[in-house]
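Note sheet for the following structure.
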Amino acid sequence: MTKPLEGVKIIDFTHVQAGPACTQLLAWFGADVIKVERPGSGDVTRNQLRDIPDADALYFTMLNSNKKSLTLDTKKPEGKEVLEKLIRESDVLVENFGPGALDRMGFSWERLNELNPKMIVASVKGFSDGHHYDDLKVYENVAQCAGGAASTTGFWDGPPTISAAALGDSNTGMHLAIGILTALLGRDKTGKGQKVAVSMQDSVLNLCRVKLRDQQRLERVGYLEEYPQYPHGEFSDVVPRGGNAGGGGQPGWVLKCKGWETDPNAYIYFTIQGHAWEPICKALGKPEWINDPAYKTAEARQPHIFEIFGTIEAWLSDKTKFEAVDILRKFDIPCAPVLTMKELANDPSLRASGTIVEVPHKKRGSYLTVGSPIKFSDMKPEVTASPLLGEHTDEVLAGLGYSKQDIFNLREIKAV
Ligand code: COA
């Protein structure tokens with residue numbers, strides 16, 4: 001089956017998570033992604049949090065599937081020459097080095113554009129160009145703090161909290177992938193490449209836009225009625241942390257199920273969707289609440305919402321999280337069990353859909369990874385193993401016209 005991005009050649013100059021997540025996605029969809037890595041060491045994640053001595057760490061394998069690996073010292077003149085050749089015949093270069101690193105290497109946007117005016121140059125940085133922090137190096141948690149996620153996540157009586165979801169890293173990579181695909185479509189019309197830049201701060205903030213909504217509401221009316229602080233607590237002039245409250249017009253909370261005393265994940269998320277109040281009362285065996293003025297509307301319920309959650313928890317006390325969801329789904333109530341990584345790894349539905357995949361690897365044996373979360377009717381993205389360091393160096397160099405002797409010489413001077 002021909003994949004939509006087949007024929008698109010990408011120089012993957014990325015490392016750690018934000019950039020690799022982007023190029024991995026493009027590789028799944030058929031792009032020829034050549035990961036350029038420093039000879040001898042490669043992407044730092046190959047060695048980080050290793051679980052098997054001398055084999056690439058899962059951190060690396062789970063972000064670099066379907067790619068080729070070319071080792072190249074791009075600070076040596078001979079390495080630069082190879083990179084220039086590659087640039088001349090590639091469609092996209094993706095990088096997420098620290099600020100200014102690419103310029104210092106001699107590959108500014110102007111130079112890249114001169115070498116290949118059709119090439120799209122895509123970058124991830126911590127902050128956008130011209131921002132007063134644009135000289136900062138940034139990792140995941142720094143971005144979550146800078147983008148508004150940390151100040152609005154967690155409980156009101158605790159410190160700002162980091163989410164386990166990679167809002168700064170993989171999320172930024174996904175934004176960059178959208179930018180690259182847009183620029184490729186644009187190039188079809190104009191024949192020209194362009195620079196695509198995404199900052200981690202902006203990408204986090206984009207996902208926190210409802211909190212910016214709340215800031216403006218708070219400034220206008222002084223309170224936020226869907227937050228646990230309303231109506232009994234106090235509001236300051238900034239959006240507070242709302243614990244597990246539902247973010248929109250549907251109040252919700254994480255509720256205890258049978259076994260919560262010993263199992264830290266024996267919980268469900270329960271949502272009180274306004275128009276589903278009647279089925280909720282029926283499911284809970286509380287038909288008297290349906291027309292009771294103290295319960296009938298969302299407004300009437302909010303002052304005693306935690307008492308309502310308490311009643312639901314009493315109902316849940318003899319049901320496991322899975323039993324509870326099986327009952328509630330029949331009443332069309334939006335809810336889910338709080339699933340652990342172990343449960344997700346073994347979930348037959350996720351295995352069947354290709355969201356959790358087992359990938360054979362030359363050195364590790366097989367490992368689990370998250371496959372494409374995007375499903376297509378005409379294509380099933382196939383996940384293949386991440387490359388060993390420099391696995392495709394000879395192949396890529398031969399494709400650029402280097403002879404066996406040339407490659408030997410480049411190896412002798414450690415340029416590849
Ligand atoms: N050959 C020779 N040199 C290479 C090379 C290669 N193949 N690949 C990288 N390098 C060099 C770069 O030129 C740079 O050298 P310089 O600083 O002397 O100019 C150096 O290696 C790497 O720089 P940098 O990217 O700053 O690495 P770091 O480990 O100090 O910082 C980050 C890591 C992630 C903090 C930083 O890259 C960053 O802020 N990136 C942008 C934001 C981002 O993506 N962060 C999230 C990552 S998940």
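Keep in mind that the numbers below use all heavy atoms, side chains included, and drop hydrogens, waters and symmetry copies. We count ligands from 1, going down the list as the structure has it; atoms in each ligand are counted the same way. Predicted model only: the values in this text are computed from it and were never measured.
- With respect to Y230, the ring-ring contact (aromatic ring centres under 6.0 Å, His included) criterion is satisfied by exactly one of F306, Y223, F235: Y223.
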Pairs under 3.5 Å, N/O atoms on ligand 1 and on the protein: can you put them in a table with the distances?
from	atom 1	to	atom 2	distance (Å)
ligand 1	1 (N)	T74	N	3.1
ligand 1	1 (N)	T74	OG1	3.2
ligand 1	7 (N)	L72	O	2.8
ligand 1	15 (O)	K75	NZ	2.9
ligand 1	17 (O)	R104	NH2	3.1
ligand 1	18 (O)	K75	NZ	2.7
ligand 1	19 (O)	R104	NE	2.8
ligand 1	19 (O)	R104	NH2	3.2
ligand 1	21 (O)	R38	NH2	2.8
ligand 1	25 (O)	G98	N	2.8
ligand 1	26 (O)	G98	N	3.3
ligand 1	26 (O)	K137	NZ	3.1
ligand 1	30 (O)	K137	NZ	2.5
ligand 1	37 (O)	H15	NE2	3.0
ligand 1	37 (O)	N96	O	3.3
ligand 1	37 (O)	G98	N	3.0
ligand 1	39 (O)	V138	N	3.1
ligand 1	40 (N)	N96	O	3.0
ligand 1	40 (N)	F97	O	3.4
ligand 1	44 (O)	N96	ND2	2.9
ligand 1	45 (N)	V138	O	2.7

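- In this structure, OH in Y139 is found 12.0 Å from CD in Q17, a value given to the nearest 0.5 Å.
- Considering V36, N96, L63 as possible partners of H15, the one that fulfils the side chain to side chain contact (heavy atoms under 4.5 Å, CB included) test is N96.
- For the pair E226 (side chain) and A245 (backbone), a donor-acceptor distance under 3.5 Å is absent.
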### Query
Given F13 and M105, is the side chain to side chain contact (heavy atoms under 4.5 Å, CB included) satisfied, shown in steps?
CA-CA 12 Å; F13 229 168; M105 212 186 271; 3.8 Å; yes
In residues 20-35, what donor-acceptor pairs under 3.5 Å come from side-chain atoms, sequence neighbours left out?
from	atom 1	to	atom 2	distance (Å)
T23	OG1	D12	OD1	3.3
T23	OG1	D12	OD2	3.0
T23	OG1	G19	O	3.3
T23	OG1	P20	O	3.3
T23	OG1	K67	NZ	2.8
Q24	OE1	N64	N	3.1
Q24	OE1	S65	N	3.0
Q24	OE1	S65	OG	2.8
Q24	NE2	M62	O	3.3
W28	NE1	S65	OG	3.1
D32	OD1	K68	NZ	3.1
K35	NZ	T14	O	3.1
K35	NZ	D43	OD2	2.8
K35	NZ	N64	OD1	3.0

